[in-house]
Amino acid sequence: MKQIAIIGAGPTGIYTLFSLLKNQTPLAVDIYEQGDEAGVGMPYSDEDNSRMMLANIASIEIPPLFSTYLDWLLTQSSEHLARYGVQKSSLHDRQFLPRILLGEYYRDQFLQLIAQAKQRGFTVKVQESCQVKDLEVTPQGVKIWVENRSEPATYDLAVIATGHVWPDEEESTRSFFPSPWSGLMEATIRACRVGIMGTSLSGLDAAMAVAIQHGEFIEPENQPVEFRLDKGSDALDIVLMSRSGILPEADFYCPLPYEPLTLVTEQAIEKAIAAGSEGLLDRVFTLMTQELELADPQWSHAIGLEALNVDTFHDAYFAERHKHDPFSWAQSNLDEVERNKRDKRTVPWRYTILRMHEVVQEIVPHLTDKDRKRFDAGLSRIFIDNYAAIPSQSIRRLLALREAGIISVLALGADYKRDVQDDRTIIMAKGERYEFDLFIDARGQKPLKTKDLPFPTLRQQLQENGDEIPDVGEDYTLLAPDSVRGRIAFGALPYLMHDQPFVQGLTVCAEIGESMAKAITQRASRARRRLPFSEE
């Protein structure tokens, strides 16, 4: 049997194994998972999340395994679902539910995968609480060293599906957490002044994790959410902050699967890329404006789209939100979204931008350095704001914290400084000084480079080739150097974000997993991207 190793048993690893089962020839598969339970994944584990944290994806969007998420939920007892505040009678396929519950679904599907793989003649070995310390590609195969074992195991191909990478808990202190997943869930937080860097769902989740230590949310069905603060917790003061001070909008109704675009098609983007890097961003923006004007002429006219360019579109897009208090905007947006969901009404411009982001992403590795900076400063932020719309219930809870007088939003501006001290964190912005007893950096996953790889020997092998970013093929196998070519399938999302800035989510995990599984039986055809352009 061909010997395969899968490092990481979260969603990417699960979808890889699921696709491997389509192989007619049985394989020997070893699965390494550093967590206590394989098949859950850090974003959905009960160790790293509270029951208040909602998954930002609904059943209708989740690539199914043996059953859809909704079908699986319907097999659970009413009593079990009630522990998560979920009523079985009200389940539907567009519902946002606790992350931990989604983790249970993936664990169940993973166990079914293992059973079915063995029935089909596969040899499968799952090693939990087992951290891979090093990888080396040799002429004999891929050698893997794990913790507390002196001798490596050798494989024909290794799949790296390690998922998100957050700072270790050792980097946390009693007054500073470098991420919400660096010990915050287990920490006891006193009622104090809390600063949270980031106003996306991660920032809101961090705020919820702190708040529920000092009160409870009262969430009657079809009524406003209320937060009741505990006696003795009056000192709790949570400040969400970002450069813009803008809060995310609530997830909006739209047809799924996506309807095709008219102008911003894969073929149109390929043609734009083929015309060369110079002017590529502006050519694609012209296509985008034509698509938006066709889909929603009223909105396009309202923001003056015809007179905008790549650099001015950002400010026009966010202009209305900047005119209003962020919580007032959140309430009005929530009301609009809920009406649209009830009436099954799609806002054309929002849906158009949502469908464009993955197609337009293909131009990123072909942009000049100058245009890449323009893209990151403008279009990228618009796309992220659009596809990172959050569950309505998260907005309701945020508004409840605001009504209780314990949360606010701070716009820092582009130029601010942060000073992390032993017992406090100080922010200097716009000439003002802000002190926080506790500070949480919740800005989300940052792109990683080859130098960040946790496997010393593989890291050295890749660095000897001079690549700052792992160079992968269409099937996500490493292409360079020649000694590693086609031997390692590299699906670790943080390392793919340089040329795929929007590479995240369960749909992407499924697509990458399927591509990596194909690498078992066929070689990488060509580079998925070229190296980043450097201006002389």
Side-chain angles (χ1 to χ4, degrees), residues 1-33 38-41 44 57 59-72 102-103 105-127 141-142 144 153 155-163 256-258 266 358 472-479 485-493 496 500 503-526 528:
M1 286 186 182
K2 186 174 283 189
Q3 305 287 318
I4 310 298
I6 298 178
I7 303 168
T12 302
I14 292 171
Y15 285 112
T16 302
L17 180 60
F18 182 66
S19 294
L20 283 178
L21 292 191
K22 301 172 185 176
N23 195 1
Q24 298 301 313
T25 304
L27 304 166
V29 183
D30 282 2
I31 300 169
Y32 295 96
E33 170 56 45
V40 178
Y44 312 112
I57 188 169
S59 177
I60 193 172
E61 301 173 87
I62 297 172
L65 292 154
F66 294 108
S67 64
T68 68
Y69 184 33
L70 177 60
D71 287 341
W72 177 84
L102 183 52
Y105 163 74
Y106 275 112
R107 170 69 174 179
D108 176 84
Q109 300 293 290
F110 175 74
L111 294 177
Q112 289 189 54
L113 270 174
I114 301 303
Q116 187 160 130
K118 292 179 179 179
Q119 289 176 4
R120 296 188 182 184
F122 284 63
T123 300
V124 182
K125 185 178 179 181
V126 180
Q127 303 182 61
V142 181
I144 292 180
Y155 300 90
D156 296 295
L157 187 139
V159 173
I160 297 178
T162 46
L256 294 169
Y258 291 162
E266 291 183 10
E358 291 180 351
V472 300
E474 288 184 322
D475 60 3
Y476 290 88
T477 56
L478 289 172
L479 294 178
R485 184 179 179 88
R487 305 299 290 276
I488 292 180
F490 198 90
L493 300 186
L496 305 174
Q500 291 188 88
V503 61
Q504 58 181 308
L506 294 174
T507 301
V508 170
C509 290
E511 291 170 353
I512 292 176
E514 183 178 10
S515 295
M516 292 194 296
K518 290 179 181 176
I520 304 301
T521 55
Q522 59 193 42
R523 306 292 266 176
S525 55
R526 61 185 176 91
R528 184 179 54 82

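Quick caveat, the model's predicted, so the values are computed rather than measured.
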Item to complete: For the residue pair Tyr106 and Tyr69, confirm or rule out a side-chain donor-acceptor distance under 3.5 Å.
Response: no
Item to complete: List the atom of Thr16, the atom of Gly513, and the distance in Å for their closest heavy-atom pair.
Response: OG1-CA, 3.2 Å
Worksheet item: Is there a side-chain contact between Val126 and Tyr32, using heavy atoms and a 4.5 Å cut-off?
Response: no
Item to complete: Indicate the atoms forming the closest heavy-atom contact of Ala117 with Val124, along with that distance.
Response: CB-CG2, 3.7 Å
Worksheet entry | Candidate list Leu70, Thr68, Leu102, test side-chain contact (heavy atoms from CB on, under 4.5 Å), partner Ile62, passing option | Leu102
Worksheet item: Would a 4.5 Å heavy-atom cut-off, applied to side chains only, mark Phe66 and Asp108 as touching?
Response: no
Item to complete: To the nearest 0.5 Å, tell me how far Lys118 NZ sits from Leu113 CG.
Response: 12.0 Å
Practice prompt. Let me know which of Ser19, Cys509, Pro63 forms a side-chain contact (heavy atoms from CB on, under 4.5 Å) with Glu514.
Written response: Ser19
Item to complete: Apply the side-chain hydrogen bond (donor to acceptor under 3.5 Å, both in side chains) test between Gln116 and each candidate in Gln119, Arg120, Gln112; give the one that qualifies.
Response: Arg120
Item to complete: Applying side chain to side chain contact (heavy atoms under 4.5 Å, CB included), run through Ile4 and Asp30 and close with a yes or a no.
Response: CA-CA 6 Å; Ile4 310 298; Asp30 282 2; over 6 Å; no
Discussion item. Suppose we screen for side-chain hydrogen bond (donor to acceptor under 3.5 Å, both in side chains). Which residues come up paired with Tyr44, at least two apart in sequence or across chains?
Written reply: none
Worksheet item: How far apart are the closest heavy atoms of Leu20 and Phe122, and which atoms are they?
Response: O-CZ, 3.5 Å
Discussion item. Side chains of Thr12 and Met516, heavy atoms from C-beta outward: is any pair under 4.5 Å?
Written reply: yes
Worksheet entry | Worked check of side chain to side chain contact (heavy atoms under 4.5 Å, CB included) between Val472 and Thr477 | CA-CA 5 Å; Val472 300; Thr477 56; over 6 Å; no
Worksheet item: Are Leu157 and Val142 close enough that some pair of their side-chain heavy atoms sits under 4.5 Å apart?
Response: no
Worksheet item: Rounded to the nearest 0.5 Å, what separation is found between the CD atom of Glu474 and the NZ atom of Lys518?
Response: 10.5 Å
Worksheet item: Ignoring hydrogens and geometry, is there a side-chain-to-backbone donor-acceptor pair from Lys125 to Val29 under 3.5 Å?
Response: no
Worksheet item: Side chains of Leu506 and Glu61: does their closest heavy-atom pair fall under 4.5 Å?
Response: no
Response to the item:
Sequence neighbours excluded, the answer for side chain to side chain contact (heavy atoms under 4.5 Å, CB included) partners of Ser67 is Asp71, Trp72, Tyr105, Gln109
Practice prompt. With the side chain counted from C-beta on, respond yes when Pro26 and Met1 share a heavy-atom pair under 4.5 Å apart, and no when they do not.
Written response: yes
Worksheet item: In Å and rounded to the nearest 0.5 Å, what is the CD1 to OG1 distance from Ile6 to Thr162?
Response: 12.5 Å
Worksheet item: What are the two closest heavy atoms between Ala161 and Gly13, and how far apart are they?
Response: CB-N, 3.7 Å
Worksheet item: Do Leu27 and Thr123 come within less than 4.5 Å of each other through their side chains, counting heavy atoms only?
Response: no
Item to complete: Might you work through the side chain to side chain contact (heavy atoms under 4.5 Å, CB included) test for Arg485 and Leu479, ending with a clear yes or no?
Response: CA-CA 4 Å; Arg485 184 179 179 88; Leu479 294 178; 3.5 Å; yes
Discussion item. Is it the case that the side chain of Arg487 and the backbone of Ala158 share a donor-acceptor pair, with hydrogens and angles ignored and the cut-off at 3.5 Å?
Written reply: no
Worksheet item: Are any of the side-chain heavy atoms of Tyr15 and Ile512 separated by less than 4.5 Å?
Response: no
Worksheet item: Please walk me through it: do Ile114 and Leu17 pass side chain to side chain contact (heavy atoms under 4.5 Å, CB included)?
Response: CA-CA 9 Å; Ile114 301 303; Leu17 180 60; 3.8 Å; yes
